[in-house]
*Asks:* 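The structure is given below, and queries will be raised subsequently.
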Amino acid sequence: MRTSQYLLSTLKETPANAEVISHQLMLRAGLVRNLASGLYTWLPTGLKVLRKVENIVREEMERAGALEVLMPMVQPADLWEESGRWDDYGPELLRLKDRHNRPFVLGPTHEEVITKLVANEISSYKQLPLNVYQVQSKFRDEIRPRFGIMRGREFLMKDAYSFHLTDECLEKTYQIMFDAYCRIFDRLGLDYRPVIADTGSIGGEASHEFHVLAESGEDDIAFSDASDFAANIEKAEALAPTGERPAATQDLTEVSTPSVKTIEDVANFLKVDVKATAKTLLVLGEEVKGQPTPVIALVLRGDHQLNEIKAEHLPLVASPLTFASDEQILAAAGCDAGSIGPVGLNIPVIVDRSAAHLADFVCGANKNDVHFTGANWDRDCAEYTVADIRNVVEGDPSPCGSGNIIIKRGIEVGHIFQLGQKYAEAMNCGVLTEQGKNQTLTMGCYGIGVSRIVAAAIEQNHDKYGIKWPAAIAPYQVAIVPMNMAKSARVKETAEAMYEQLQQAGIEVIFDDRKERPGVMFADHELIGTPLLLVIGERNLDNQELEVKNRITGEKSMIKIEDVMSLFA
RNA sequence: CGGUGAUUAGCGCAGCUUGGUAGCGCACUUGGUUUGGGUCCAAGGGGUCGCAAGUUCGAAUCUUGCAUCACCGACCA
C-alpha cells in the first residue's frame, strides 16, 4: 500500500475525551473513530488489525473442530421469552419493534438462536457432539460505555456453542476449547491468564475467563503467590480464619457515638482497630408471594468488603443484590444506616467467616448514634448463619491451600462456560439416543472479545511514540521510508523496486511515498507501530545498503539491499 | 441511576466575568523553501458558537429548559 493512496488519518494531538492509553493511541494512529457513545467506525488500519485477530481466532476454532455459521443480529423477542431471559436480562438488552409492532432484540449473545437452530436441525445422537461458532457483531446497551473499544456497546465477538449428550463429552470439548483459547492468546503474543470465573447472567456450572494483564483492566484477579491458582475476585473463596475463636472477655456495653457513621469513623472515635469492628449491611431477601419484601442482614469485618456475587448466590438473598432503602432500614433495624448491628436484630443474619471469628468486637446498637463494644457471637447474638460473602484481599491464604493471595488487574478477553441444560431444556433441544429415548442436550459456550483484544494488545504493547504491535497482528509487517525521494532519483528507484519486490513476495508492506520530511514519516510509522522500518537514503546507496529499524527492540542496523528478503525468511 | 465537568472549524483550545455578530495552534489548499527526526515564509478555504425559548436595539457571552459527550461513583452502615 502506498501512503499517498491510503487513509492514514494520524493525529498529532490526543483527543480530550480518551482516557486510557489504548483509546488514545487507537484514535491518534487512525485505527478507529467515534460515532456515538460506545459506537466506533473501524478505519482501514484498524480493520486490518481486527481482521488479523479474527483470522487467528478462526484458524484455531477450525483446528478445534468448530464449524462456522453466521446468525442474525436482530432476534425475535419470543425466543428470549422462551429462554426466560426477556425478563432476566435487564436493560442491557436493547429491545425494538418492527413496522408490524412485533418485538425484537439486538442480540447481546446467541444462545437462544443457536439452541433453536440445533433443536430443529439435530435429531439423532449420531450427529453429536456438535460445536459451532461465529464471528459477529454484538450489541449490549452498557450502562456506561468507556475506554473506547474496550467497553463499547457494539463490538465484535467470536461466540461458539457446543452440544452434547453427556457431561463427560461436554467436559472433553470444554478442555479442547480451553486449549484452543490458550493457543489463540499465545499466537497473539499477549501476556494472559486463564482464571476461574463466575458464570453471571449466562448461567451454568464450570467457567473460566481469560484475562490480559493490564493496569487499566476492569477486573480484579486473585492469584496465589505459590501456585498456578488464579480466580476472578468475584469467585475467589475467602477461607475461614484458622484456630478457635477467642473467648469473650468483655461485657456488652453501649457507648454513645454521636454523628459517627462510617466504620472508619467509629474505629477512630473508639480508638480500636477497624479489624475489631463488624459492619452490618441490609439487603433485600428473596420475595415470598403475598408477603412484604424480607430484609437480610449481612455482617462483615470492618476492613472487609462485600462480594455482591457471592452474596446474591445465597438462597435467602434476592438476585440481583439490592441494598435496602433508608425506609426499609428504619423499619427493619429501628435506626438509620450507620448504627446497625447484629445484636437483637429481628431479621435473618448472615455473617462472613472472618466476622464470625471476632470476639469482643464493636458494632452498631440499632439505635441512632449508639454502638456496642465487647459484643460476642452466641452470647449476644445467637441466631445467625456463617457464609463466605467477602472479597479476598492481598495476603489472605489462597483457597488452593498453597501460598497467599496477590491481586492484579485484568482485561477479560475470553470466557468459556459449561452451560449444562439451561437453554436446551427451555428451548426443547434434544435428540433420540441409541436406546430410542428423547434426551435433552447439554451445552457449552465459548466467547472471545475480538475487538477488545485489539485494545488489550495496545495496553500491553506501547511506548511514548505509539503502538508496538506483536508481529502476528501488526497491520503491516514493514514500512519503506525513503529519504527525500522527490530530489533523489536513486532513492526513488530503490524504494520503488523494494516495494515491488516485497509485494511480489506477499509481504504486507506500506510504502511512504508522501512528499513529507523524514521526521513526519518516522513519527507516523512509529505511532502506527509497524514492526520493521526500511530507511532508504542517498548516503547509504553508494554501499548498496539501507537501514533497518526494529520498532519493538529499537535496534538499528545496516543491511545490503540484496539481502533484504532474508529479513522475512 | 447519582455526582462532577464539558459542548466555539476535522483535532486541541481562547473569547464569556464587563453583550456590539468569532479568534489562536495543529490539520487542510496554493506558491516558494527545506529534506536522516513533527522545517520555515506567504497567501487562502472552512464555524447555524450543541438545541430551543426568553431578556435586549443587539446574545458565543445573561436567564430557563432540553440534548449530547466524558470522567467518577453506584461498597453505605
Side-chain angles (χ1 to χ4, degrees), chain A residues 8-20 23-24 27-28 30 33-39 90-91 142-148 151 233 257 260-267 274 277-283 295 297-309 311 320-326 328-330 332-333 335-342 345 362-366 368-371 389-391 465-466 481-488 491 512 514-527 533-541 546-547 549 556:
Chain A
L8 215 48
S9 291
T10 53
L11 303 174
K12 258 191 199 176
E13 286 170 292
T14 303
N17 53 23
E19 196 68 14
V20 295
H23 189 197
Q24 293 173 357
L27 292 169
R28 286 194 52 214
R33 287 292 179 259
N34 179 254
L35 177 67
S37 180
L39 301 175
E142 293 285 349
I143 188 167
R144 176 141 93 85
R146 64 180 135 183
F147 302 156
R151 184 170 291 281
I233 199 150
T257 50
V260 176
K261 298 285 182 207
T262 69
I263 200 74
E264 286 78 20
D265 291 346
V266 171
V274 181
T277 67
K279 60 184 177 186
T280 306
L281 290 64
L282 300 190
V283 300
V295 175
L298 305 177
V299 181
L300 293 155
R301 211 171 76 186
D303 59 320
H304 285 151
Q305 299 210 305
L306 178 67
N307 182 314
E308 297 191 12
I309 304 289
L321 190 83
T322 313
F323 285 94
S325 66
D326 291 345
Q328 287 167 324
I329 290 174
L330 191 62
C335 66
D336 295 330
S339 299
I340 312 170
L345 208 52
V362 170
C363 63
N366 301 320
N368 279 343
D369 299 332
V370 180
H371 280 72
I389 54 172
R390 72 169 171 98
N391 281 337
Y465 301 110
V481 185
M483 298 292 102
N484 199 14
M485 190 167 78
K487 284 277 170 63
S488 167
V491 169
D512 205 331
R514 292 175 297 175
K515 191 172 178 295
E516 284 289 357
R517 291 172 57 85
V520 174
M521 294 195 273
F522 286 133
D524 273 344
H525 293 289
E526 279 159 5
L527 177 59
L533 256 57
L534 301 179
V535 185
I536 300 175
E538 184 69 28
R539 70 185 183 193
N540 296 315
L541 283 182
L546 50 79
E547 186 181 310
K549 296 176 79 165
K556 300 179 191 177

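We name chains A, B, ... by the order of the sequence lines, and we start the count at 1 in each one. Only a predicted model underlies this, so the values are computations on that prediction, with no experimental measurement involved.
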*Asks:* Spell out, as yes or no, whether a donor-acceptor pair under 3.5 Å connects the side chain of A:D512 to the backbone of A:V481.
*Replies:* no
*Asks:* Whole Å only: how far is the CD1 atom of A:I329 from the P atom of B:C76?
*Replies:* 13 Å
*Asks:* Classify A:F147 by what it touches in the nucleic acid, base, sugar-phosphate, or nothing, heavy-atom distance under 4.0 Å.
*Replies:* sugar-phosphate
*Asks:* Closest to the A:R517 side chain: B:U39, B:A70, B:C72?
*Replies:* B:U39
*Asks:* Could you check whether A:R390 gets within reach of a base, just the sugar-phosphate, or nothing at all, counting any heavy atom under 4.0 Å?
*Replies:* nothing
*Asks:* Give A:E547 one of three labels, base, sugar-phosphate or nothing, depending on what nucleic acid heavy atoms sit under 4.0 Å from its own.
*Replies:* base
*Asks:* Considering only atom P, compute the distance from B:U7 to B:C62 and round it to an integer number of Å.
*Replies:* 12 Å
*Asks:* Would you indicate which nucleotide in B:A77, B:G36, B:C1 comes nearest to any side-chain atom of A:I263?
*Replies:* B:A77
*Asks:* List the residues meeting ring-ring contact (aromatic ring centres under 6.0 Å, His included) with A:H525, not counting sequence neighbours, and say none if there are none.
*Replies:* none
*Asks:* Contact class for A:V266 (heavy atom, under 4.0 Å): base, sugar-phosphate, or nothing?
*Replies:* nothing
*Asks:* For B:A60 versus B:A9, give the span between their C1' atoms, rounded off to a whole number of Å.
*Replies:* 14 Å
*Asks:* State which of B:U35, B:C71, B:C69 makes the closest approach to the side chain of A:S37.
*Replies:* B:C69
*Asks:* Rounded to the nearest Å, what distance is computed from the CG atom of residue A:L527 to the P atom of nucleotide B:G38?
*Replies:* 16 Å
*Asks:* Scan every strand shown for a Watson-Crick or G-U wobble partner of B:C76, both distances under 3.5 Å, and answer none if you come up empty.
*Replies:* none
*Asks:* Does a donor on one side chain and an acceptor on the other come within less than 3.5 Å for A:D369 and A:T257?
*Replies:* no
*Asks:* Taking atom P in both B:A70 and B:C28, what distance in whole Å separates the two?
*Replies:* 27 Å
*Asks:* Would you mind classifying the nucleic acid contact of A:G537 as base, sugar-phosphate or nothing, using non-hydrogen atoms under 4.0 angstrom?
*Replies:* base
*Asks:* Given that both distances must come in under 3.5 Å, which nucleotide forms a Watson-Crick or G-U wobble pair with B:U34?
*Replies:* none
*Asks:* Under the rule for salt bridge (Lys or Arg N to Asp or Glu O under 4.0 Å), what residues qualify as partners of A:R146, not counting sequence neighbours?
*Replies:* A:E218
*Asks:* Tell me which nucleotide, if any, is Watson-Crick or G-U wobble paired with B:G5 when both distances must be under 3.5 Å.
*Replies:* B:C69
*Asks:* Looking only at atom C1', what distance separates B:C71 and B:G15, rounded to whole Å?
*Replies:* 26 Å
*Asks:* For A:D524, which contact category applies under a 4.0 Å heavy-atom criterion: base, sugar-phosphate, or nothing?
*Replies:* base
*Asks:* So, using side-chain contact (heavy atoms from CB on, under 4.5 Å) as the criterion, who are the partners of A:E13 when residues are at least two apart?
*Replies:* none
*Asks:* Indicate, with a heavy-atom threshold strictly under 4.0 Å, whether A:S488 touches base, sugar-phosphate, or nothing.
*Replies:* nothing
*Asks:* Using the P atom in both, what is the distance from B:C11 to B:U4, to the nearest Å?
*Replies:* 27 Å
*Asks:* In the strands shown, is B:G47 matched to any nucleotide by a Watson-Crick or G-U wobble pair with both distances under 3.5 Å, and which?
*Replies:* none
*Asks:* Taking the C1' atom of each, how far is B:A27 from B:G10, in whole Å?
*Replies:* 7 Å
*Asks:* Could you measure between the two C1' atoms, the one in B:U17 and the one in B:A59, and give it in whole Å?
*Replies:* 15 Å
*Asks:* If you restrict it to nitrogen or oxygen atoms, what contacts under 3.5 Å exist between nucleotides 22-33 of chain B and the protein, and what is each distance?
*Replies:*
from: B:G25; atom 1: N2; to: A:E13; atom 2: OE1; distance (Å): 2.8

*Asks:* Looking at every heavy atom in both A:L282 and A:A332, which two are closest together, and how far apart are they?
*Replies:* CD1-CB, 4.3 Å
*Asks:* Step by step, work out the side-chain contact (heavy atoms from CB on, under 4.5 Å) result for A:V491 and A:N484.
*Replies:* CA-CA 8 Å; A:V491 169; A:N484 199 14; over 6 Å; no
*Asks:* Looking at the base of B:G36, is there any donor atom on it, or on the side chain of A:N540, that sits under 3.5 Å from an acceptor on the other one?
*Replies:* yes
*Asks:* Quick one: label A:D336 by what it contacts on the DNA or RNA (base, sugar-phosphate, nothing), any heavy atom closer than 4.0 Å.
*Replies:* nothing
*Asks:* Which one is paired to B:G12, where only Watson-Crick or G-U wobble pairs with both distances under 3.5 angstrom count?
*Replies:* B:C24
*Asks:* Report the residues that fulfil side-chain contact (heavy atoms from CB on, under 4.5 Å) with A:R33, sequence neighbours left out, ordered by chain and then residue number.
*Replies:* A:S9, A:L11, A:L27, A:L43
*Asks:* Looking across every strand, which nucleic acid part, if any, lies under 4.0 Å from A:N17 by heavy atom: base, sugar-phosphate, or nothing?
*Replies:* sugar-phosphate
*Asks:* If you assign each of A:Q305 and A:N34 to its closest nucleotide in RNA chain B, which residue comes earlier from the 5' end?
*Replies:* A:N34
*Asks:* Applying a 4.0 Å non-hydrogen cut-off, can you work out what A:A16 is touching in the nucleic acid: base, sugar-phosphate, or nothing?
*Replies:* sugar-phosphate
*Asks:* Any side-chain donor-acceptor pair under 3.5 Å between A:E538 and A:S488?
*Replies:* yes
*Asks:* Just the rounded figure in Å: distance from C1' of B:C1 to CZ of A:F323.
*Replies:* 15 Å
*Asks:* From the list B:G36, B:C76, B:G12, which nucleotide is the closest neighbour of the side chain of A:P15?
*Replies:* B:G12
*Asks:* Considering every strand and a 4.0 Å limit on heavy-atom distances, what is the contact class for A:E19: base, sugar-phosphate, or nothing?
*Replies:* sugar-phosphate
*Asks:* For B:C71 and A:R144 - does any side-chain N or O of the residue sit under 4.0 Å from the phosphate oxygens OP1/OP2?
*Replies:* yes
*Asks:* Give me the distance, rounded to whole Å, that separates B:G31 from B:G47 when you measure between the P atoms they each carry.
*Replies:* 23 Å
*Asks:* By salt bridge (Lys or Arg N to Asp or Glu O under 4.0 Å), which residues pair with A:E19, not counting sequence neighbours?
*Replies:* none
